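To start, the structure under review is shown below, and the notes come after it.
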Amino acid sequence: MKTIDLRSDTVTKPSKAMLQAMFEAQVGDDVFGDDPTINALEEKVAQLFGKEAALFCSSGTQTNQIAIKVHTQPGDELICDRTAHIYNYEGGGIAFNSGVQARYVFGDKGRFTADEVLQNINDDNVHFPRTSLVCIENTVNKGGGSIWSWAQMQAIRTVCDEKKLPLHLDGARLFNALVETKISTQQIGNLFDSVSICLSKGLGCPVGSLLIGDKNFIYKARRIRKVLGGGMRQAGFLAAAGIFALDNHIERLKDDHRRTKQLQSLLQPLSFVEEMIPAETNLLIFKLKKEFSTQKFIQHFAEKNIIIVSAGLQTIRFALHLDIDDNDLQRVGEALKSFA
Ligand SMILES: *Cc1c(COP(=O)(O)O)cnc(C)c1O
């Protein structure tokens, strides 16, 4: 029986076609700038977003952390949401790598307002940390895959322009947001000073993220990547997977979203569900009522060869992805109905 893994959208394995593209990649030493496939991926992504340059990195943590390092100085403060990945899940990297502290705001499922940003920008005064960066996340991981609207993002940009602050986008799941809205990659490139995208999430690559920005920003980012030990050599095999994914795996994200909504409908009437964050993309976060054990719930699924994990107190997260099809969804539905 196939193992169904709903722990994360990072668990996907490369398809035959993706492996074939990787197998055929031309490679070279990328620290010398010699890897034609990495160069092609960086150019492709820069063009896609209408930006000057891009940098291929090992992970979304690395692209975010490099961006923070380039945009800030030690002792500075950045503004992000309380739920932000950069704040919660990057090992304290904001402090560790950049000597910066996070000033967090309390948005709605990770989406905060321009006013909240304004209220948290420090005046120029020796007592206060210098506010030097604003970071948003789209879709919001801890927000259950919530999407920022264009108006919400644009309002933040306006404040950043007024206050001369750079704006970074953690777009680990950006394409999940874009396929559900009419917002284009060009518009995103235009709105943000720097953008991080992940190939290893919904796009189904084994490894890789890109940091996108203007030439000067990426020049500095390339130096920081090297300092962090992130200079890779014949990594064009990985970049080939990225090119394949960008060409083939974006539109199909809608299938993941459709399946997530189907799961949501299945869960809605079930007696053990306390509450659920309305599904917007490929993540479904819900709470079990107090009298139900999360451990037993996870065990019940494990017995059916379905792997799930807890995402906090009484909380479960299902992540849909490219290796889950309609048959798998049916099995998950049956497991849900037979619990309790
Ligand atoms: C997964 C993720 C990242 C990056 O994670 P890596 O595992 O380091 O690639 C960054 N931001 C968000 C919102 C994420 O979900």
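Counting convention: from 1, in listed order, for ligands and their atoms alike. All values below were derived from every heavy atom in this structure, side-chain atoms included, with hydrogens, water molecules and symmetry-related copies excluded. Predicted model only: the values in this text are computed from it and were never measured.
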| According to the interplanar angle, ranging from 0 to 90°, do the rings of F286 and F318 count as parallel (below 30°), tilted (30 to 60°) or perpendicular (above 60°)? | perpendicular

| Got a sec, which residues hit salt bridge (Lys or Arg N to Asp or Glu O under 4.0 Å) with R222, two or more places apart in sequence or on another chain? | E42

| message | Under 4.0 Å between a side-chain nitrogen and a carboxylate oxygen: does that hold for D247 and K44? | response | yes

| task | Could you walk me through whether N190 and R157 pass the side chain to side chain donor-acceptor pair (under 3.5 Å) test, one step at a time? | result | CA-CA 10 Å; N190 208 9; R157 175 78 257 176; over 6 Å; no

| message | Can you tell me how the ring of F106 sits relative to the ring of Y104, calling it parallel under 30°, perpendicular over 60° and tilted otherwise? | response | perpendicular

| task | Write down, by chain and number, every protein residue that brings a non-hydrogen atom to less than 4.0 Å from an atom of ligand 1. | result | S59, G60, T61, N64, H85, E90, E137, N141, D170, A172, R173, K201

| query | Is the distance between the ring centroids of F339 and F297 less than 6.0 Å? | reply | yes

